[in-house]
Each structure stands twice: as C-alpha cells, then as structure tokens.
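Take a look at the structure below.
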2 protein chains.
Amino acid sequence: MVISLRTVLHGETLFRAGDRFEAMFQVWTGFFKAVVATSRGREQVTGFQMAGDLMGFEGIDSGLHGVDAIALEDSQVCVIPYANLEALGREVPPLQRHLHRTMSREILSDHDAMLRLGSMHSEQRVAAFLLSLSDRLRKRGFSASSLVLRMSREEIGSYLGLKLETVSRTFSKLQARGLLFVRQRQIQITDPAGLRHVLDGATV
Amino acid sequence: MVISLRTVLHGETLFRAGDRFEAMFQVWTGFFKAVVATSRGREQVTGFQMAGDLMGFEGIDSGLHGVDAIALEDSQVCVIPYANLEALGREVPPLQRHLHRTMSREILSDHDAMLRLGSMHSEQRVAAFLLSLSDRLRKRGFSASSLVLRMSREEIGSYLGLKLETVSRTFSKLQARGLLFVRQRQIQITDPAGLRHVLDGATV
DNA sequence: CGGGACATTGACTTACTTCAAAACTCGTGG
DNA sequence: CCACGAGTTTTGAAGTAAGTCAATGTCCCG
C-alpha cells in the first residue's frame, strides 16, 4: 500500500481537467481551488479545499479529471491511488463508507452552491460564502471570526457567480452595516448573527 | 437481497429532505425533479432524473436525505436499500465501482450546472439545458430532436437560475432565430449545431 | 363548455456589469 | 532604505440583462 506525500507550490497545478485519473488527493496543509473550464475560455471556480478535504473523485466515472486543482498557497497533499482504495475498501468497510460519505457531502455542498448561484442576491451569496468558510475553519480549530482569505476577489466572484467589483462592493456594504471588518484579505466577522440574518433574506 | 419496485404518481413525493436515508432509488419509468429548499422558503431545482438515473445518494453522509424528490409524471422506481448495497458491493467489485462512477458523474453534472448558473447568459443556459436533455433522451433511444418537456417553465427557470418569464422569452427568441420550434411543452430542435453555437458564446 | 393552471408578451424597474480611475500591497533592485 | 512597478482592491458613473408587474392567450380536464 503506497500512500505518498506531494508538495504543490503556490500557483502550481496538482492536476488538470483531462488528465488521467489515477489517484485522489487529500489536502494535508495548504489551500486549493477547483476550476471547470469550457473550450471557449469560460471558467468557474467550483470549490475551495483546505486541510482534510478530498479532491479528484469527480474523475472516477470517466477516468479523466474533470477540474483543474490549483494551489492558492504552498501546500502538501496525500496521494491516494484509486486502485489501492478500491481494493482496501473491500477489506475495510469503514473506509469504503468514508469514501461514500465524502462524495455525498461533496454533492450536498454542490447543491448549496447551486442554491446560492441560482436564487440569491450578491449580499446573500457573500454572506453564505463567509459563514461557510468561517465554519470550516472553526471545525479545524481556527478562529471563526478572524480569517485571512487565500483567494482573490476574482476567485470569490467566480465561485459566487459575481464580478470581482461586485464582491468588493458587497464586502464594503456589509462592513458599512457593521457586520464585518474588511482590510484587503483580512476579514473580521463582528456580527455573525447579523450575517446569518442577511443570508436568510432580510432586506435590511 | 430485497429489491422492490415502488410507484409514485404525478406530483407525489418519493422522499423529502430530512427524511431518514435508508435506500437509494433508480428510476424505472417516469420523470423526477430534485429540489433543495431553505427554511426561509427559498427553493432550487438541482436536477431532473429519468429512466436509469439514481436518486438519493446525497443522503449517505448525514443519514438524512438532502433534497425532495418529486415525480413529474406517474413513475416507477426500484428501491435499493443502502445496507444491502454496501454488503453486496464488497462481494461484487463491479457494483461497487458502478456506485462510485454514478456519484462521480453526479458531481460532474453539478459542476456543469454551476458553470451555467455562474457564468452564462439566459440564452446559453437554455441552450445548454435543451442540448443536455436532448442528449440524455437520445442515449435512451428517444428522438434527440423532438421532445416533450415534463417540467413547467417555472421548474426550468429554477434549475437555470432564471424566472419563468425569462425562460419563456428565451424560448421565443431561439425560435425566432430558427434554432427550434416551441409549442408549449413540445420542442423541436431544428438546428442543434446552431444551438451549440449559441452555447459556445456566439452573440449572434 | 367553462374554469384553473400554465405560457406568452409588453412596459417598466433594478441589480449587477462594464468601463475607468485612483489607492493600496508587496517584492525587487537601485 | 526608499522608490518603482505589477498585481490587486476599492470606488464611481453609465449601461444592460434579467426581474417584476400586469394583461392576454392557450390548453386541458372535469
């Protein structure tokens, strides 16, 4: 059973859409984005991955990766060859189940993303994004209220279906309302309940 | 090994978000929509399922279903208890692999949906929707050019992140351009290449 | 044949985008 | 150590795609 560690530097690509799918990757340290692209140059960030998150299983079906995975800071990933996983999963049911759960969680989170993209206004999208990020950091033992964004306004915009200017303006608007404090990529969430209220659709 | 068949009439619910996850379902005959909803009444159609499609695996992680599955016409589904599947998958690797592939295909298709929702104009969304539907029907042996929509304009709109009026207007616009012929839920795709051209971003 | 749900179309409004300019951040080299 | 410049973020003003509101048309199903 070979499980190896691999380093990916800031800006480097772990795998590209179209690459042969041979392994999945678990983020050990660092931060990634996943991007889908069309032949005509259209792009969409479909997710951000941090420590513990699994990447690459969207390639199981076709045998080819479906997204580009790009490091947003120097990172280390654990390489999990799919063949090994399949064989091992048969002998160790909990592992099998873990993979199923992880994939099902990814599907749920994609559905959340669709809900954001399909039916929310810019303020609600940004609030949802920040609350979700804050929550994920908290679960990993980091502060839920004080965060440093690893991605640019443009990357946030792509993920949320907004232009970078709109993301920036929305941050400013939420700050003006006293819900948070922004300074470039430093974010302080000063009123999480208020943010949740925005997310729930208050026009306030 | 118990695998049973279940009938779901038009408008009925197969399972609801929050229901205990005990089984997955494969559509035998008929047509379904999957809907996510928030406490505050916001709704989003996340997919449409037809013969052969699997539904419900988004519930594996939490043990609760994550969407409502609602029949858009009288339908029959094959009930696949998850416990059985897990056990059987261990003995029959191809079955295991089939589940993995199906989930990974769902993730890919969700990424496509995010791309549509996040970065396409109404015409491109509608074109993408029709082409994808046409393709799925063709793969099942139906005509790729002549289709009867099972869902309302509102449901299409929810899926595409548009209002029903916009969907209707967009159909009319594409018809005026000679790419298709609409009459209520009857659609004739007269120029699939042209539609694909619209999808690729032609402003024509 | 009539009523209710669904679809189309038009006129007007709005949230977000686009285009443009200024300010901040940070690494590099003079 | 400070100045420069590239990349990013913020902010403003004007434009536009899609939303909203409202009226009319069409199709079933009882």
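Here is the naming used below: chain letters follow the sequence lines, and residue numbers restart at 1 for every chain.
Salt bridge A:Asp53/A:Arg140: present, at least one basic N to carboxylate O contact under 4.0 Å. Taking the charged nitrogens against the carboxylate oxygens, A:Arg177 and A:Glu123 do have a contact shorter than 4.0 Å, which makes a salt bridge. Salt bridge A:Asp68/A:Lys33: absent, no basic N to carboxylate O contact under 4.0 Å. Contact check on A:Asp135 versus A:Arg138 returns a salt bridge, with a Lys/Arg side-chain nitrogen under 4.0 Å from an Asp/Glu carboxylate oxygen. Salt-bridge check for B:Glu165 with B:Lys163: failed, with every basic side-chain N at 4.0 Å or more from each acidic carboxylate O.
Between the side chain of A:Arg42 and the main chain of B:Ser119, a donor-acceptor pair closer than 3.5 Å is present. With hydrogens and angles ignored, the 3.5 Å screen pairs a side-chain donor or acceptor of B:Thr190 with a backbone N or O of B:Leu179.
Ring-plane geometry between A:Phe21 and A:Tyr82 is classed as tilted, the angle between the planes lying from 30 to 60 degrees on a 0 to 90 degree scale.
Sparse packing is recorded around CD of A:Glu154, with 12 or fewer heavy atoms of other residues, nucleotides or ligands lying under 6.0 Å away. Within a 6.0 Å radius of CZ in B:Arg16, other residues, nucleotides and ligands contribute 12 heavy atoms or fewer.
Residues from residues 144-157 of chain B placing a heavy atom under 4.0 Å of any atom in DNA chain D do not occur.
The rotation axes computed at either terminus of the helix from C:dC1-D:dG30 to C:dG30-D:dC1 lie 40° apart, taking five pairs at each end and rounding to 10 degrees.
Here the P atom of nucleotide D:dT8 and the CZ atom of A:Arg185 are 7 Å apart, to the nearest Å. At whole-Å resolution of the value, CG in A:Leu160 and C1' in C:dA15 are 16 Å apart. The separation between B:Leu174 atom CG and C:dT8 atom P is 12 Å, rounded to whole Å. As a whole-Å value, the separation of B:Phe171 CZ from C:dT8 P is 8 Å. Distance CD (B:Gln175) to C1' (C:dT9): 13 Å, rounded to an integer number of Å.
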Heavy-atom contacts, protein to nucleotides 17-29 of chain D, under 4.0 Å, summarised as B (base), S (sugar-phosphate only) or - (none) per nt, yield -SSBB-----S--
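When every heavy atom of A:Pro81 is checked against every heavy atom of A:Val79, the shortest pair comes out as CD-O, 3.4 Å.
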